[in-house]
Amino acid sequence: MIADIQSQLTELLSRALFSVAPDFGIEVRLARSRQEGHGDFTSNVALQLAKQMKIPPRQLAERVAAEIPVSSLLARVEVAGAGFINLHLEASVLHEVVHEVLTRGERYGAGVRETPNRVLVEFVSANPTGPLHVGHGRGAAYGASLADILEFAGHAVTREYYVNDAGRQMDILALSTWLRYLDLFGLSVHFPPNGYRGDYVFTMARQLREAHGDRYARVDPVSILSGVPPLPPAERGDGEAQALRESHLDALIDNCKYLLADAYRSLHDFVLAEQLGDCRNDLAEFGVHFDVWFSERSLYDLGLVERALAQLERAGHLYSQDGALWFRSTAFGDEKDRVVRRENGQPTYFASDIAYHLNKYERGFDRIVNIWGADHHGYIPRVKGAVTALGLDAHRLDIALVQFAVLYRNGQKASMSTRSGEFVTLRALRDEVGRDAARLFYVLRKSDQHLDFDLDLAKTESSDNPVYYLQYAHARIASILREWQSQYDGEPGELERVDCSCLSDPAELRLLRELMAFPAVVDEAASQYAPHVIAFYLKDLAAEFHRYYTASRILVDVTALREARVALAACVRQTLANGLRLLGVGAPEAM
RNA sequence: CUGCCCGUAGCUCAAUCGGAUAGAGCACCAGCCUUCUAAGCUGGGGGUUACAGGUUCGAUUCCUGUCGGGCAGGCCA
């Protein structure tokens, strides 16, 4: 209905333009006016066409404006500035917004699409080798909001977490846990410097003992080190020393696998299940849920990695060199070719990622959205190149980069403790500032901008804190509605039938305009992949309401006016609630 | 060294495929509660949109260069 208004007006303007300039068909685009006094919608067609039509823009605008058909929607049309055509809506159109918001309720702002796109949103996808940190938190908040926004905008969304359960990192974690576990049985082995050293590894070791007793401890500690190259001195930081430490670690992993034999797989799976379970709980408490947990290992188990490579091979995009197998990604704009199978026969991470993307396409999505940390930006050309090489349309793949978040406490950086090099965990952040503040702060900035996360501000219980500012507006209205029900026997269910034509105060009309914009805001947030657009809109809406509340009493004596104002307030509450839900932030009834 | 991203008020950030007088919040100053939640509101000062060119009716937005910041340049993931 409301979305219709804009398209109806666009149609009116298109017809006017056609009668003035039938030979200059350009698409008419209406924009919401940025400034009060410039009407509700504005068009710059006259400015765009003036030159090629050789008519002064202002004059052209006048001629187009004069041809706009009479409509009950429009109060007036005026030409302003350099040649803008401003459309002013009839107040009755604004009044209808109230009915619209209240009848649609939780669905107000939602898009209806005849043919919804099937969209896959893959996000977080952190290695399950330790707790999520605040960097993952931003990806989680952004991805979850984006997925909700796309869904609300009318698409069919699948939320997916890609589990890197096949790689060396998981082996390192399994080994680390095993060594800590052996420690519990008095079987001490020097812990490798590049193993996982976090407290959670000790915890898992104890859990492993509780669950499986000494099943993995029936080994000779000497055999663990057999054939393992010695470590270089700790103070050596050169490349050769690093390489020695890596091969030391790899040798330990090999021995672990050899000594445990079949039991290694269950150790690996135990560690994986623990970490994934922890991650899932963490995210669930953050209000972030997934439809699919996609296993990297399954790509190997089902032969999909080999199949993808074979497909590239057939298409002539692979070649052998130096004993390795390479993908000719330079043919697709990458700066160098990339190895897909190492000299030792092992496929690279990139190889499984190619298979993963092929699989995404084969599942039939219209759009595929990858949300990555910005440090992966160099990875984009090779993935898009691989997709193209597989004969797929790379334009259906969108990669949204999320920049790092830096925490500040007392004006000082706090995101990384400099001594241990460990990141602050997402869980610690949630414990400190709460879920709502964390979710909102993460999406308050454009995702591809660095984020300064002010912990002190997030914890402030005042209007300085945007979380409270938004929630307070919602709670305030909820309180008014309760008061209205108890003092005036108000029936919320009746509000959608209230006659709102008495709403004529400029502040009321501003609120109605703001409410009317919400569907377009959702649409913009969806098409731009920009949850922050919702956040900024909500701040504007809340501010408009707080202003109105301070200036005008809602529960006045005159029944008709009181009911109209209550209905208006109820619309603001509903719209705030809908927007907050898209951001994963609670909308409290009372504060 | 090369590539990508970013430079907007003192600070943190917006700005609808290039639009009208570049907007908010914080901080600073001055005000508003006997009335539906003051976790709120009103007013004020604050800008050469890093810099220099270019494209055009019009540039924070597009192009080139300079300066400054971030990230990336593995047979790691």
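Chain naming here is simple, since letters A, B, ... match the order of the sequence lines and numbering starts at 1 in each.
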Which part of the nucleic acid, if any, lies within reach of [X] when heavy atoms closer than 4.0 Å are counted: base, sugar-phosphate only, or nothing?
X        : result
A/Ala520 : nothing
A/Ala590 : base
A/Asn86  : base
A/Phe536 : sugar-phosphate
A/Gln449 : sugar-phosphate

If the [atom1] atom of [N] is compared with that of [M], how far apart are they to the nearest Å?
N     : M     : atom1 : result
B/C41 : B/G25 : P     : 8 Å
B/C51 : B/A14 : C1'   : 23 Å
B/A52 : B/A38 : P     : 49 Å
B/U55 : B/U61 : C1'   : 13 Å
B/G19 : B/C75 : P     : 44 Å
B/A30 : B/C13 : P     : 29 Å
B/G23 : B/G47 : C1'   : 12 Å
B/G3  : B/U49 : P     : 28 Å

For [N] and [X] - does any side-chain N or O of the residue sit under 4.0 Å from the phosphate oxygens OP1/OP2?
X        : N     : result
A/Arg476 : B/C36 : no
A/Arg565 : B/C36 : no
A/Lys51  : B/C57 : yes
A/Tyr408 : B/C26 : no

Are A/Lys360 and A/His357 close enough, and set up right, to give a side chain to side chain contact (heavy atoms under 4.5 Å, CB included), and what steps lead you there? CA-CA 5 Å; A/Lys360 285 181 175 182; A/His357 282 85; 4.0 Å; yes

Base of B/C4 relative to its sugar, syn (within 90° of 0) or anti?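 Judged by the O4'-C1' to base torsion, B/C4 sits in anti, the angle falling more than 90° away from 0.
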
Can you tell me if [X] has over 12 outside heavy atoms packed within less than 6.0 Å of its [atom1]?
X        : atom1 : value
A/Glu36  : CD    : no
A/Gln321 : CD    : yes
A/Asn344 : CG    : yes

[atom1] of [X] versus [atom2] of [N]: gap in Å, rounded?
X        : N     : atom1 : atom2 : value
A/His546 : B/G25 : NE2   : P     : 12 Å
A/Phe453 : B/C13 : CZ    : P     : 13 Å
A/Arg32  : B/C17 : CZ    : P     : 10 Å
A/Tyr488 : B/C36 : OH    : C1'   : 8 Å
A/Arg510 : B/C41 : CZ    : P     : 14 Å
A/Asp456 : B/A27 : CG    : C1'   : 15 Å
A/Tyr469 : B/A24 : OH    : P     : 12 Å
A/Arg445 : B/C26 : CZ    : P     : 13 Å

What dot-bracket string describes RNA chain B from 5' to 3', counting Watson-Crick and G-U wobble pairs whose defining distances are under 3.5 Å, with [ ] for crossing pairs and | for pairs to another strand? (((((((..((((.....[...)))).(((((.......))))).....(((((..]....))))))))))))....

With side chain to side chain contact (heavy atoms under 4.5 Å, CB included) as the criterion, how do A/Phe84 and A/Val79 come out once you've worked through the C-alpha distance, each side chain's angles and the decisive distance to 0.1 Å? CA-CA 6 Å; A/Phe84 294 96; A/Val79 173; over 6 Å; no

Residue mapping more 5' on RNA chain B - nearest nucleotide basis, A/Gly81 or A/Ile480: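 Final value for this comparison: A/Gly81.
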
Which is more 5' along RNA chain B, the nucleotide nearest A/Asp452 or the one nearest A/Ala473? Just name the residue.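 Nearest-nucleotide comparison on RNA chain B picks A/Asp452.
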
Answer yes if the ring centres of A/Tyr142 and A/Phe123 are under 6.0 angstrom apart, and no otherwise. no

Would you please indicate if the ring centroids of A/Phe453 and A/Tyr408 are separated by under 6.0 Å?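 No: the rings miss the under 6.0 Å criterion.
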
Taking atom types as modelled, is there a side-chain donor on A/Tyr548 or A/Asp505 under 3.5 Å from an acceptor on the other? no

Would you say the side chains of A/Asn194 and A/Glu246 form a donor-acceptor pair under 3.5 Å?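 Yes, side-chain donor-acceptor contact under 3.5 Å.
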
Distance-minimising heavy-atom pair for A/Leu580 and A/Ala587: CD1-CB, 3.9 Å

Shortest non-hydrogen contact between A/Arg367 and A/His395, atoms and distance: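 Shortest heavy-atom separation between A/Arg367 and A/His395 comes out as NH2-O, 2.7 Å.
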
Nearest to the A/Glu524 side chain among B/U16, B/U21, B/C41, which nucleotide is it?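 Comparing B/U16, B/U21, B/C41 against the side chain of A/Glu524, the answer is B/U16.
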
Is there a donor-acceptor pair under 3.5 Å between the side chain of A/Tyr161 and the backbone N or O of A/Ala126? yes

Backbone N or O of A/Leu89 within a donor-acceptor pair of the A/Asp40 side chain at under 3.5 Å? yes

Contact state string [nucleotides 71-77 of chain B, B base, S sugar-phosphate only, - no protein heavy atom under 4.0 Å]: BSSSBSB

Determine if A/Phe84 stacks with B/A20; use a centre-to-centre distance below 5.5 Å and an interplanar angle below 30° as the criteria. yes

Under the 5.5 Å and 30° test, is A/His532 stacked on the base of B/A14?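 The base of B/A14 is not stacked with A/His532 (the test needs centres under 5.5 Å and planes under 30°).
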
Show, in sequence, the C-alpha distance, side-chain angles and deciding distance for A/Phe41 and A/His88, and conclude whether the ring pair (Phe, Tyr, Trp, His ring centres under 6.0 Å) test is met. CA-CA 7 Å; A/Phe41 295 98; A/His88 296 254; over 10 Å; no

Stretch residues 548-556 of chain A: residues that reach within less than 4.0 Å of RNA chain B through a heavy atom: A/Tyr549, A/Thr550, A/Ser552, A/Arg553, A/Ile554, A/Leu555

Evaluate the criterion salt bridge (Lys or Arg N to Asp or Glu O under 4.0 Å) for residue pair A/Glu306 and A/Arg341; output intermediate values, then yes/no. CA-CA 10 Å; A/Glu306 290 308 318; A/Arg341 194 192 305 283; 3.0 Å; yes

Considering only heavy atoms and no angle criterion, is a donor-acceptor pair shorter than 3.5 Å present between the side chain of A/Thr42 and the base of B/A20? yes

